[in-house]
A.B. asks: 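This is the structure, below, for whatever I ask next.
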Amino acid sequence: MKKHFAHSLVRSVLVLHFFFSLQRHVAAGFPLYTNSRWIVDDGGKRVKLACVNWSSHLETMVAEGLSKQPVDIISKSITSMGFNCVRFTWPLFLATNQTLGSMTVRKSFQGLGLTESIAGIKVNNPSFLDLPVIQALQVVVSNLADNNVMVILDNQISKPGWCCSNFDGNGFFGDQYFDPNVWIKGLTRMATMFNGTSNVVAMSLRNELRGPRQNVSDWYRYMQKGAEAVHSANPDVLVIFSGLNYDKDFGFLAKQPVNLTFIGKLVFEVHWYAFSDGEAWENGNANEVCGSIVDNMMRRGGFLLEQGWPLILSEWGVDQRGTNMKDNRYLNCIMGVAAELDLDWALWTLAGSYYLRQGVMGMDETYGVLSWDWCGTRNSSFIQRISAIQSPFQGPGLSEDKPHKIIFHPSTGLCLMRKSIFEPLRLGPCAESEAWSYTPQQILLLKGTYFCLQADGLGKPVKLGIICNDSNSKWEAISDSKMHLSSKLSNGTTVCLDIDSGNKIITTSCSCLKVDRMCDPGSQWFKIVNSTSSHTQKLSLPGEPLSYLIKKDQVLLETE
């Protein structure tokens with residue numbers, strides 16, 4: 001019954017995801033390379049990494065969840081939720097300590113007193129029990145390959161366990177458990193082990209460098225050595241560099257770039273959670289906090305995109321229960337950033353629960369997209385919401401369409417669309433959204449037409465018109481977040497784009513711009529996002545003998 005339910009769940013999620021993500025992009029050919037700020041396949045076409053983290057670095061050194069579901073069901077649930085990639089975490093000692101690496105899964109769990117997990121694995125994945133833990137990792141990677149899922153191997157920590165703190169002995173080169181020479185040996189062994197495994201597309205050298213020992217000089221010295229070791233052992237994988245201060249700071253690279261012997265394979269990663277910003281999301285105004293944090297992130301890491309380097313947001317996530325105010329406000333902000341920058345990313349986390357975490361057996365993971373028993377999604381609306389950013393908006397080889405804009409609503413993960421000129425605009429799947437242009441005069445024009453977006457009154461739906469010189473046709477991004485799109489009515493009243501209960505696009509008084517820390521501006525946040533995705537819409541004009549087909553920036557007249 002349990003397995004039947006799991007199969008039904010996978011089918012249901014797959015159908016649900018179809019309606020919310022029609023453009024999920026899977027790599028056409030391996031290995032992957034970099035082309036300026038983009039990751040591309042061997043044909044030069046952009047591959048957007050939309051990953052989920054799957055932990056295998058805790059004390060058991062075994063991928064979480066194998067006691068709850070067959071590995072193939074877990075892999076299929078990953079793809080059914082729209083992810084094309086897993087950031088698979090592993091502890092260094094798994095690869096460098098022969099005693100640990102050769103220990104069987106059964107003995108690993110027995111040594112930790114996890115008899116219930118052993119029983120679960122015996123039911124769901126019996127073939128794993130007597131495998132050495134290092135082989136168990138390989139089998140999971142192989143199953144992900146069978147399901148067309150790419151893998152980033154992430155060295156999360158040295159000594160198996162939960163990560164991270166400043167004083168856990170795993171933080172920086174020279175710490176108790178972080179011998180740089182042992183680390184390079186471990187990276188070399190893992191890179192060699194997966195040489196020729198096509199779905200292993202990248203290796204992240206080390207997670208969240210941190211602690212009192214951290215310094216720029218050693219960062220350059222050892223990260224460059226680690227990168228060269230990985231590339232020498234496996235030139236097919238991308239090499240991912242983490243920054244300092246829990247992977248939040250690359251500011252030092254603005255003055256001194258990395259010096260490597262190879263090109264076309266280097267990627268950088270950053271992490272960002274609500275708790276990364278202390279109590280700011282709870283105690284501050286959401287617009288001001290979002291604007292300030294995004295500015296800081298761009299100064300300390302986002303500038304790498306402008307310099308022509310790929311940057312993956314390799315850890316971000318929220319409490320999936322939806323009750324954490326800080327996480328909810330942060331999520332609106334990060335969704336806007338991820339869409340605007342069209343970032344590659346890896347969500348924390350897949351795991352609904354852990355075998356053992358920080359001394360607690362079977363701990364529930366509220367950030368997990370799967371439920372505690374790994375049998376269902378914890379929050380299906382969240383999966384729907386992130387579906388738009390699982391697909392690329394732009395990049396090499398995506399389509400023949402010329403650049404245009406889409407209008408993205410971070411709070412829902414939807415975009416502006418409409419059925420006809422005379423029906424209200426509303427939110428809908430971004431794959432079906434309108435193609436817009438945004439002029440220097442701040443006018444939003446339907447691409448290839450004379451129709452512009454116009455404010456029509458407080459609480460009223462916006463409209464499309466062809467007289468676009470008035471103030472109600474100009475849309476300025478205001479507030480510190482730059483996500484309020486404001487216009488002025490003919491009587492001088494300033495209004496902002498908003499949505500009503502039916503997701504129709506209306507204008508209301510601009511709210512939450514300053515000071516008020518209790519106000520939530522999410523419904524009024526919109527992002528004008530660059531895109532080259534193909535858009536085709538047919539405009540119905542009642543009473544007219546013609547309809548207009550808009551495609552590729554042209555207006556074609558079709559007789560009916």
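Being a predicted model, the structure only gives us computed values, none of them experimental. These values consider heavy atoms only, across backbone and side chains, with no hydrogens, waters or symmetry-generated copies.
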A.B. asks: Any idea which heavy atoms bring Leu66 and Tyr355 closest together, and the distance?
C.D. replies: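 Heavy atoms of Leu66 and Tyr355 come nearest at N-OH, 2.9 Å.
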
A.B. asks: Does the side chain of Arg206 reach to within under 4.5 Å of the side chain of Asn170, using non-hydrogen atoms?
C.D. replies: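 Arg206 vs Asn170: side chains touch.
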
A.B. asks: For a 4.5 angstrom cut-off between non-hydrogen side-chain atoms, does Glu365 reach Arg357?
C.D. replies: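 Yes, side chains in contact.
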
A.B. asks: I need the minimum non-hydrogen distance between Phe250 and Gly243, along with the two atoms involved.
C.D. replies: CZ-N, 3.1 Å

A.B. asks: Identify the two heavy atoms, one from Cys375 and one from Gln69, that lie closest to each other, and give their separation to 0.1 Å.
C.D. replies: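 For Cys375 versus Gln69, the nearest heavy atoms are SG-NE2, 2.9 Å.
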
A.B. asks: Apply the test side chain to side chain contact (heavy atoms under 4.5 Å, CB included) to residues Val151 and Trp54: give CA-CA distance (whole Å), side-chain angles for both, the deciding distance (0.1 Å), then the verdict.
C.D. replies: CA-CA 10 Å; Val151 173; Trp54 190 354; over 6 Å; no

A.B. asks: Hey, mind stepping through Phe268 and Leu253 against side chain to side chain contact (heavy atoms under 4.5 Å, CB included) and telling me if it holds?
C.D. replies: CA-CA 11 Å; Phe268 296 94; Leu253 287 176; 3.5 Å; yes

A.B. asks: Please set out all donor-acceptor pairs under 3.5 angstrom arising from side-chain atoms of residues 289-310, sequence neighbours excluded.
C.D. replies:
unit_1	atom_1	unit_2	atom_2	d
Asn296	OD1	Arg299	NH2	3.2

A.B. asks: Does a salt bridge link Glu340 with Lys482, judged by any charged N lying under 4.0 Å from a carboxylate O?
C.D. replies: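 Here Glu340 does not pair with Lys482 in a salt bridge, since their nearest N and O are not under 4.0 Å apart.
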
A.B. asks: With rounding to the nearest 0.5 Å, note down the distance linking OG in Ser523 to CH2 in Trp525.
C.D. replies: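 One finds 11.0 Å between OG of Ser523 and CH2 of Trp525.
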
A.B. asks: Search all heavy atoms of Ser77 against all heavy atoms of Leu370 and return the closest pair with its distance.
C.D. replies: OG-CD1, 4.2 Å

A.B. asks: Would you say the side chain of Leu416 lies within less than 4.5 Å of the side chain of Ser433, judging by non-hydrogen atoms?
C.D. replies: no

A.B. asks: Taking all non-hydrogen atoms of both residues, which atom of Ala63 and which atom of Ser56 are closest, and how far apart?
C.D. replies: N-OG, 3.1 Å

A.B. asks: Is the backbone of Leu347 close enough, under 3.5 Å, to the side chain of Asn53 for a donor and an acceptor to pair up by distance?
C.D. replies: yes

A.B. asks: How close do Asn166 and Gly211 get, heavy atom to heavy atom, and via which atoms?
C.D. replies: OD1-N, 3.3 Å

A.B. asks: Assess whether a salt bridge exists between Asp319 and Lys326, defined as any Lys/Arg side-chain N lying under 4.0 Å from an Asp/Glu carboxylate O.
C.D. replies: no

A.B. asks: Which residues satisfy the side-chain contact (heavy atoms from CB on, under 4.5 Å) test with Ser486, sequence neighbours excluded?
C.D. replies: Glu476, Ile478, Thr494, Cys496, Cys510

A.B. asks: Could Asp342 and Arg46 be called an ion pair, given the rule that one side-chain N must be under 4.0 Å from one carboxylate O?
C.D. replies: yes

A.B. asks: Are side-chain heavy atoms of Ser314 and Asp247 found at a separation under 4.5 Å?
C.D. replies: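 Yes, side chains in contact.
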
A.B. asks: Given 3.5 Å as the limit, does a donor-acceptor pair link the side chain of Ser371 with the main chain of Gly376, or not?
C.D. replies: yes

A.B. asks: Would you say the ring centers of Trp219 and Phe241 fall short of 6.0 Å from each other?
C.D. replies: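 Yes; Phe241 has its ring centre under 6.0 Å from that of Trp219.
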
A.B. asks: So, are Glu315 and Arg87 salt-bridged, with charged N and O less than 4.0 Å apart?
C.D. replies: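 Yes, this pair counts.
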
A.B. asks: Taking C-beta and beyond as the side chain, do Asn207 and His57 meet within less than 4.5 Å on heavy atoms?
C.D. replies: no

A.B. asks: Using only atom types and a distance under 3.5 Å, with no angle test, would you say the side chain of Asn285 pairs donor to acceptor with the backbone of Asp516?
C.D. replies: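 Yes, because the side chain of Asn285 sits within donor-acceptor range (under 3.5 Å) of the backbone of Asp516.
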
A.B. asks: Quick one: does Leu414's side chain get under 4.5 Å of Asn503's, heavy atoms only?
C.D. replies: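 Yes, side chains in contact.
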
A.B. asks: With side chains defined as the heavy atoms from C-beta onward, is the minimum distance between Asp520 and Asn332 less than 4.5 Å?
C.D. replies: yes

A.B. asks: Would you verify whether the NZ or CZ of Lys248 falls within 45 degrees of the ring axis of Tyr273 while also being under 6.0 Å from that six-membered ring's centre?
C.D. replies: no

A.B. asks: Side chains of Val369 and Gln320: closer than 4.5 Å at any heavy-atom pair?
C.D. replies: yes

A.B. asks: Should the heavy atoms of other residues, nucleotides or ligands under 6.0 Å from NZ of Lys474 be counted, would the total exceed 12?
C.D. replies: no

A.B. asks: Spell out, as yes or no, whether a donor-acceptor pair under 3.5 Å connects the side chain of Gln524 to the backbone of Ser511.
C.D. replies: yes

A.B. asks: So, for Trp183 and Phe173, is the gap between ring centers shorter than 6.0 Å?
C.D. replies: yes

A.B. asks: Could you tell me if Arg329 sits above the aromatic ring of Trp281, with its cationic atom closer than 6.0 Å to the ring centre and no more than 45 degrees from the axis?
C.D. replies: no

A.B. asks: Please determine whether a side-chain nitrogen of the Lys or Arg among Asp175 and Arg210 lies less than 4.0 Å from a carboxylate oxygen of the Asp or Glu.
C.D. replies: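 No, no charged N to carboxylate O under 4.0 Å.
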
A.B. asks: Please say whether the positively charged group of Arg213, taken as NZ for Lys or CZ for Arg, lies over the ring of Phe178, i.e. under 6.0 angstrom from the six-membered ring centre and within 45 degrees of the axis.
C.D. replies: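 Negative - Arg213 is either too far from the ring of Phe178 or too far off its axis.
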
